[in-house]
Visitor: 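One structure coming up, written as structure tokens, with questions to follow.
Keep in mind that the numbers below use all heavy atoms, side chains included, and drop hydrogens, waters and symmetry copies.
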Amino acid sequence: AGVPTIFVYVSEWRASDGLAPPPGWVPRIEQPPRLDDKAAACIMFGRPMLSAATRVLPMDVDCWLDGMDRALEDAYEARPWRVYVLDAATKRVAFATGPGPVNGIAKARALDAFLDEAARRDGG
């Protein structure tokens, strides 16, 4: 939609060493114990999930990792899946979904509608 997309991977939702996943949930992995494990999980699972939800090509997604202290997750309540659009000029949240993955398609559509409206306002 013409805006930079940054994916921040915070932690696994329903990891095998945490809240039990629904029956048949795939993949089932443990919380990454080290930052390099978190990076691998982001590339294998996070980036493709974001791409599917937002129609952004996986190679066009900049990935960032929350630290092992999960400070970003604590600040934004981002787990298991949440989308924020930040206004760079005002440094404020311009759009936010509720927590996912429940109603992920509706959240992706709401994001598309928000970005389309913002492009119209900006003459894009």
Visitor: Just to verify, what does Arg92 make a salt bridge (Lys or Arg N to Asp or Glu O under 4.0 Å) with, not counting sequence neighbours?
Guide: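 Per chain and number, Arg92 pairs via salt bridge (Lys or Arg N to Asp or Glu O under 4.0 Å) with no residue.
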Visitor: Flag the pair Leu111 / Val85 as yes when at least one side-chain heavy-atom distance between them is below 4.5 Å, and no otherwise.
Guide: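 A side-chain contact exists here, since the closest heavy-atom pair is under 4.5 Å.
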Visitor: How many angstroms lie between CG in Leu72 and OH in Tyr84, if you round to the nearest 0.5 Å?
Guide: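 The distance works out to 10.5 Å.
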Visitor: Does the side chain of Leu65 reach to within under 4.5 Å of the side chain of Leu35, using non-hydrogen atoms?
Guide: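 When only atoms from C-beta onward are counted, Leu35 and Leu65 do touch, with a gap below 4.5 Å.
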Visitor: Do Arg34 and Asp37 meet the salt-bridge criterion of a basic N to acidic O distance under 4.0 Å?
Guide: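 Yes, this pair counts.
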Visitor: Quick check: closest heavy atoms across Met68 and Pro32, and the distance to 0.1 Å?
Guide: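 Taking every non-hydrogen atom into account, CE-O, 3.2 Å.
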Visitor: Sequence neighbours left out, what passes side chain to side chain contact (heavy atoms under 4.5 Å, CB included) with Ile43? Give chain and number order.
Guide: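 Not a single residue meets the side chain to side chain contact (heavy atoms under 4.5 Å, CB included) criterion with Ile43.
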Visitor: Once side chain to side chain contact (heavy atoms under 4.5 Å, CB included) is applied, do any residues pair with Asp69, and if so which ones, sequence neighbours excluded?
Guide: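 Side chain to side chain contact (heavy atoms under 4.5 Å, CB included) check on Asp69 returns Asp66, Ala71.
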